[in-house]
*Asks:* 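Below is the structure I would like to discuss, written out as structure tokens.
Numbers here are sequence positions counted from 1.
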Amino acid sequence: NINKVKLTGNSFSYLKLLGDILREKPQEADGIDSVVVVDNVPQVGPERLEKLKNVIHKIFSKFGKITTEFYPEADGMTKGYIFLEYAAPTQALEAVKNADGYKLDKQHTFRVNLFTDFDKYMNISDEWETPEKQPFKDFGNMRHWIEDPDCRDQYSVIYEAGERTAIFSNDAKEPITVEERARWTETYVRWSPKGTYLATFHQRGIALWGGEKFKQIQRFSHQGVSLIDFSPCERYVVTFSPLMDTKEDPQAIIIWDILTGQKKRGFHCESSAHWPIFKWSHDGKFFARMTPDTLSIYETPSMGLLDKKSLKITGIKDFSWSPGDNIIAFWVPEDKDIPARVTLMQMPSRQEIRVRNLFNVVDCKLHWQRNGDYLCVKVDRTPKGTQGVVTNFEIFRMREKQVPVDVVEMKESIIAFAWEPNGSKFAVLHGESPRINASFYHVKNNGKIELIKMFDKQQANSIFWSPQGQFMVLAGLRSMNGALAFVDTSDCTMMNIAEHYMASDVEWDPTGRYVVTSVSWWSHKVDNAYWLWTFQGRLLQKNNKDRFCQLLWRPRPPTLLSADQIKMIKKDLKKYSKIFEQKDRLSQSKASKELVDKRRAMMEEYRRYRETALQIYQEQKSIRLELRGGVDTDELDSNVDDWEEETIEFFINEEIIPLGDL
């Protein structure tokens with residue numbers, strides 16, 4: 001019999017009354033998702049058990065708080081596997097990701113699994129289940145802007161103090177609006193390295209936009225996000241938020257998979273002062289992070305430590321990846337009698353391919369040439385017996401055997417240094433205002449570094465090379481009132497000297513044909529605008545935008561053309577130039593462009609009318625033949641046999657000439 005209770009006229013079983021409570025009854029599996037099983041642990045007796053526990057705790061407490069440890073025993077010896085329970089499931093997952101494969105010694109390499117995985121893999125069905133088909137989302141052509149018939153590049157503009165964001169196509173006459181939206185972002189925007197995505201910032205996270213109509217491609221939820229960074233391959237995005245971090249669950253930095261939108265891994269972060277915290281290898285296969293005395297290198301797609309361990313580098317100050325190879329450069333300061341050193345290390349083998357010892361070092365800065373052909377280490381030194389700081393530029397020639405190093409010494413203070421992107425030249429700004437000099441050097445094949453030109457008394461504090469090399473802008477930004485010098489480094493001539501008063505930024509377009517100077521509202525509250533110049537320094541446009549904040553050119557992906565194809569295009573450049581010159585002439589003025597467009601429209605309308613008239617004419621042929629007794633009069637040479645020839649003479653003119661006048 002089932003006992004029932006009478007309540008307001010209805011019958012309820014005890015089971016129904018207690019349903020809510022029973023649902024909260026602890027299940028057999030509750031709590032075990034925070035437990036990990038560690039295999040291949042050394043089998044020890046009671047005398048060594050305490051030492052083993054200390055070693056295990058030191059290794060596994062890095063991933064979170066361990067609440068319970070269990071070491072099964074048999075016959076007075078541990079069994080070779082242990083159970084560890086963490087305070088949270090996310091910590092157990094971190095332990096599996098990072099400690100699985102950890103080499104304790106030559107005989108013992110840990111295998112780490114979640115306890116829940118055992119149950120999951122024991123209950124796998126023998127019958128194949130077809131995965132559910134996911135709907136395909138068509139975002140359109142993600143690289144449509146590259147197919148522009150006039151080869152126009154795009155750029156983003158934020159104005160009205162961040163209230164409006166617009167995408168423009170660049171044109172020599174005036175910018176062409178592609179997309180414009182109110183409150184598209186809450187702070188600023190970022191393009192991905194190949195220009196595929198536009199990232200916008202929001203209080204709740206990041207949004208990525210792309211395609212012809214800039215549809216939303218992906219969202220990443222990260223409360224209070226303030227900084228982001230993309231991997232060079234555009235497969236991953238890194239976000240930082242100062243609001244989300246907890247000791248148990250690392251959320252300050254999150255790495256996301258762009259295609260799936262899935263979180264790959266979270267990290268703690270004490271400070272974002274030196275962003276990006278993680279630096280990527282050129283191909284996106286590795287990323288690295290520096291902490292005191294440690295360099296941690298992670299690999300994708302597992303996001304785990306390379307070889308399951310970090311590099312112990314006492315005193316490491318800075319590091320940088322080569323832009324062309326999986327090589328890391330890092331430097332360590334002097335320690336008592338041990339000199340400072342710069343090390344080049346190959347990844348993933350961790351082989352040191354070059355070590356350079358340095359003495360009396362105050363500071364170092366690492367500058368890679370864009371292709372990774374050269375590395376310049378700017379070394380500030382205080383030589384013994386002298387006063388003041390001397391700067392050495394240590395030039396590593398990366399493509400040569402044993403990586404030879406050449407040195408350029410300067411006794412003046414250094415303001416700026418920059419490599420030519422695709423060449424072997426570099427530029428240096430040195431001296432004190434108002435006597436600032438700009439020096440240009442060339443690294444020759446024979447190893448000599450030649451000073452090719454020096455301009456003295458320059459109003460400049462920044463160097464901006466064209467992305468294609470050869471041309472550059474020497475700019476005196478902010479406090480130097482926006483002085484601009486346009487230089488051709490092939491013969492070191494000054495093409496033009498100009499000024500954009502209080503300019504705060506200089507941005508080259510991806511082709512190196514145009515350059516933009518701007519006064520941002522974020523740094524200066526008046527005269528906010530951006531100006532467009534040719535690479536030779538000819539001013540084309542002055543675009544005044546209310547409280548203009550930021551302009552960023554949309555990057556281009558690497559060319560698909562081979563070196564031979566590019567060489568062939570350069571050889572036939574005159575042929576292509578005629579086509580472009582004709583287009584330029586047509587677009588010289590807005591009026592002529594409108595006239596040409598009107599004529600083209602009228603011609604197109606005439607062609608359509610003519611085709612319609614010809615079609616009607618052909619359809620009426622049978623009617624014409626019937627009306628003309630079967631005679632085809634459509635052709636001039638038809639029915640020649642029925643023709644009759646007739647000669648007609650008529651009086652045209654008469655002229656009378658008197659003979660007496662001859």
*Asks:* Could you tell me which non-hydrogen atom of Pro555 sits nearest to which non-hydrogen atom of Pro193, and how far apart they are?
*Replies:* CB-O, 3.3 Å
*Asks:* Check the side chains of Asn98 and Arg265 for a donor-acceptor pair under 3.5 angstrom, ignoring hydrogens and angles.
*Replies:* yes
*Asks:* Quick one: list whatever passes ring pair (Phe, Tyr, Trp, His ring centres under 6.0 Å) with Trp553, sequence neighbours left out.
*Replies:* Tyr155
*Asks:* What distance do His202 atom NE2 and His222 atom NE2 have between them, rounded to the nearest 0.5 Å?
*Replies:* 15.0 Å
*Asks:* Would Phe201 and Tyr188 count as a close aromatic pair, with their ring centres under 6.0 Å?
*Replies:* yes
*Asks:* Return yes if a side-chain donor-acceptor contact under 3.5 Å exists between Ser296 and Ser310, otherwise no.
*Replies:* yes
*Asks:* Pick one: which of Phe230, Tyr298, Tyr236 meets ring-ring contact (aromatic ring centres under 6.0 Å, His included) with Phe287?
*Replies:* Tyr298
*Asks:* Could you list all the salt bridge (Lys or Arg N to Asp or Glu O under 4.0 Å) pairs where at least one residue sits in residues 140-151, not counting sequence neighbours?
*Replies:* Asp148-Arg152, Asp150-Arg152, Asp150-Lys583
*Asks:* Identify the heavy atoms of Phe393 and Cys376 that sit nearest to each other, and give their distance.
*Replies:*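 Nearest pair, atom of Phe393 first, then Cys376: CD2-SG, 3.6 Å.
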*Asks:* Would a distance-only check, ignoring hydrogens and angles, find a side-chain to backbone donor-acceptor pair under 3.5 Å from Glu186 to Gln203?
*Replies:*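 Checking the backbone N and O of Gln203 against the side chain of Glu186, a donor-acceptor pair under 3.5 Å is found.
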*Asks:* A cation-pi test, strictly: NZ or CZ of Arg181 under 6.0 Å from the centre of the six-membered ring of Trp209 and no more than 45 degrees from its axis. Yes or no?
*Replies:*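 Yes, Arg181 and Trp209 form such a contact.
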*Asks:* Under 3.5 Å, is there a donor on one side chain and an acceptor on the other for Asn496 and Arg538?
*Replies:* no
*Asks:* What pairs with Ala288 under side chain to side chain contact (heavy atoms under 4.5 Å, CB included), at least two apart in sequence or on another chain?
*Replies:*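 Leu295, Ile297, Phe319, Trp321, Ile328.
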*Asks:* If the threshold is 4.0 Å, N to carboxylate O, is there a salt bridge linking Lys62 and Glu94?
*Replies:*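 A salt bridge is absent here (no side-chain N lies under 4.0 Å from a carboxylate O).
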*Asks:* Classify the ring geometry of His144 against Phe214: parallel below 30°, tilted from 30° to 60°, perpendicular beyond 60°.
*Replies:*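 Perpendicular, since the angle between the ring planes exceeds 60°.
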*Asks:* Okay, side chain of Arg554, backbone of Gly195: is any donor-acceptor separation there less than 3.5 Å?
*Replies:* yes
